[in-house]
**Student:** 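Sharing a structure, written as structure tokens. Questions coming.
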Amino acid sequence: MKRLDFKKAKIVQEELSKRVIVEDKFIFPPKSIAGLDISYRKGKAVACCVILDYETLNVTEVRLVKEEVRVPYVPTFLAYRELPYYVYLCYDLKNRNDIVVFVDGHGLAHPRKMGIACHLGVTLNIPTVGVAKKLLVGKIKTINNKKYLALNDEIIVAVIIEREKHGPIYVSPGHRVSLKTAEKLVLRTLTSKHRLPKPIQLAHFYSKKESKRI
DNA sequence: GCGACAG
DNA sequence: ATCTTGTCGC
């Protein structure tokens, strides 16, 4: 397993964070919405990208890739482990402005405001949103009865969506999407049956299903 | 130094 | 995230 040079990796994140755009730079409503997730099994990673029609939320495409895991998981450096699979799966989406990609993990809600959703968005120049199940950093702030996540006790980087029946999810902008729109897109794709929005839920389902074949 | 820590 | 069966509960 390859080891990371944390000092350099941190500098790369700090430099890339300067290129993150937290404004809506895509066609609304988008033509499609995609979800990314990865399952692991015996040293192998099975990454999945599910693309849905935004209007009907019907699945139009399912992509899978199975590869050796080369980098260990280290908190705040998740992208160095998982980004390669996502770049491979989403390469043809490069520069598009009619699709938004949901990533399983944080976007701006990261110590250096460079979670994996931001990293993927900046790398391929595509609109992305981070959706996480657990907190990495930040302090919860309540504004008008809605919960948000703030960094340095100041900057709002994520909105927390809470529902009966399900645990909370943390939604933060990845790239070319505002916080308000990120929330709107996620709310549009939530279903009563699952905690995560449909695109990511399906990516999780298919990647897990495929990983069981290893 | 100690504890926290996306997937 | 994964290693893991049945089982308690909404």
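Here the structure is a predicted model, which is why all the values come from computation and not from measurement. Chain identifiers are assigned alphabetically (A, B, ...) following the order of the sequence lines, protein sequences preceding nucleic acid strands; residue numbering begins at 1 within each chain.
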**Student:** With the threshold set at under 4.0 Å for non-hydrogen atoms, list the residues of residues 40-48 of chain A touching DNA chain C in residue-number order.
**Tutor:** Y40(A), R41(A)
**Student:** Report yes or no: does H106(A) contribute a side-chain atom to a donor-acceptor pair with the main-chain N or O of K134(A) at less than 3.5 Å?
**Tutor:** yes
**Student:** For residues E210(A) and K66(A), determine if any side-chain heavy atom of one lies less than 4.5 Å from a side-chain heavy atom of the other.
**Tutor:** yes
**Student:** Please check this pair: side chain of R41(A) against backbone of R213(A), looking for a donor-acceptor N/O pair closer than 3.5 Å.
**Tutor:** no
**Student:** Using a cut-off of 4.0 Å on non-hydrogen atoms, how would the nucleic acid contact of L135(A) be classed: base, sugar-phosphate, or nothing?
**Tutor:** sugar-phosphate
**Student:** Expressed as a whole number of angstroms, how long is the span from K66(A):NZ to dA1(C):C1'?
**Tutor:** 17 Å
**Student:** Looking at residues 176-185 of chain A, who's got a heavy atom less than 4.0 Å off DNA chain C?
**Tutor:** none
**Student:** Rounded to whole angstrom units, what separation is found between the CG atom of L78(A) and the C1' atom of dT2(C)?
**Tutor:** 15 Å
**Student:** Indicate whether any N or O donor in one side chain lies under 3.5 Å from an N or O acceptor in the other, for N125(A) and R96(A).
**Tutor:** no
**Student:** Check whether more than 12 heavy atoms from other residues, nucleotides or ligands sit under 6.0 Å from atom CD of E55(A), and answer yes or no.
**Tutor:** no
**Student:** For nucleotides 5-10 of chain C, read 5' to 3', which letter fits each nucleotide if B means a protein heavy atom sits under 4.0 Å from the base, S means only the sugar-phosphate is that close, and - means neither?
**Tutor:** -----S
**Student:** Where does the chain A footprint on DNA chain B start and end, counting 5' to 3' with a 4.0 Å heavy-atom cut-off?
**Tutor:** dC5(B) to dG7(B)
**Student:** Indicate every side-chain donor-acceptor pair of residues 21-35 of chain A with a distance under 3.5 Å to a residue at least two apart or in another chain.
**Tutor:**
{"from": "D24(A)", "atom 1": "OD1", "to": "S178(A)", "atom 2": "N", "distance (Å)": "2.9"}
{"from": "D24(A)", "atom 1": "OD1", "to": "S178(A)", "atom 2": "OG", "distance (Å)": "3.2"}
{"from": "D24(A)", "atom 1": "OD1", "to": "T181(A)", "atom 2": "OG1", "distance (Å)": "3.1"}
{"from": "D24(A)", "atom 1": "OD2", "to": "S178(A)", "atom 2": "OG", "distance (Å)": "3.2"}
{"from": "D24(A)", "atom 1": "OD2", "to": "T181(A)", "atom 2": "OG1", "distance (Å)": "2.6"}

**Student:** DNA chain B: stems of at least 3 consecutive Watson-Crick or G-U pairs, cut-off 3.5 Å?
**Tutor:** none
**Student:** What's K212(A) touching, base or sugar-phosphate or nothing? Going by heavy atoms closer than 4.0 Å.
**Tutor:** nothing
**Student:** Taking atom types as modelled and ignoring hydrogens, do the side chains of T76(A) and R112(A) form a donor-acceptor contact shorter than 3.5 angstrom?
**Tutor:** yes
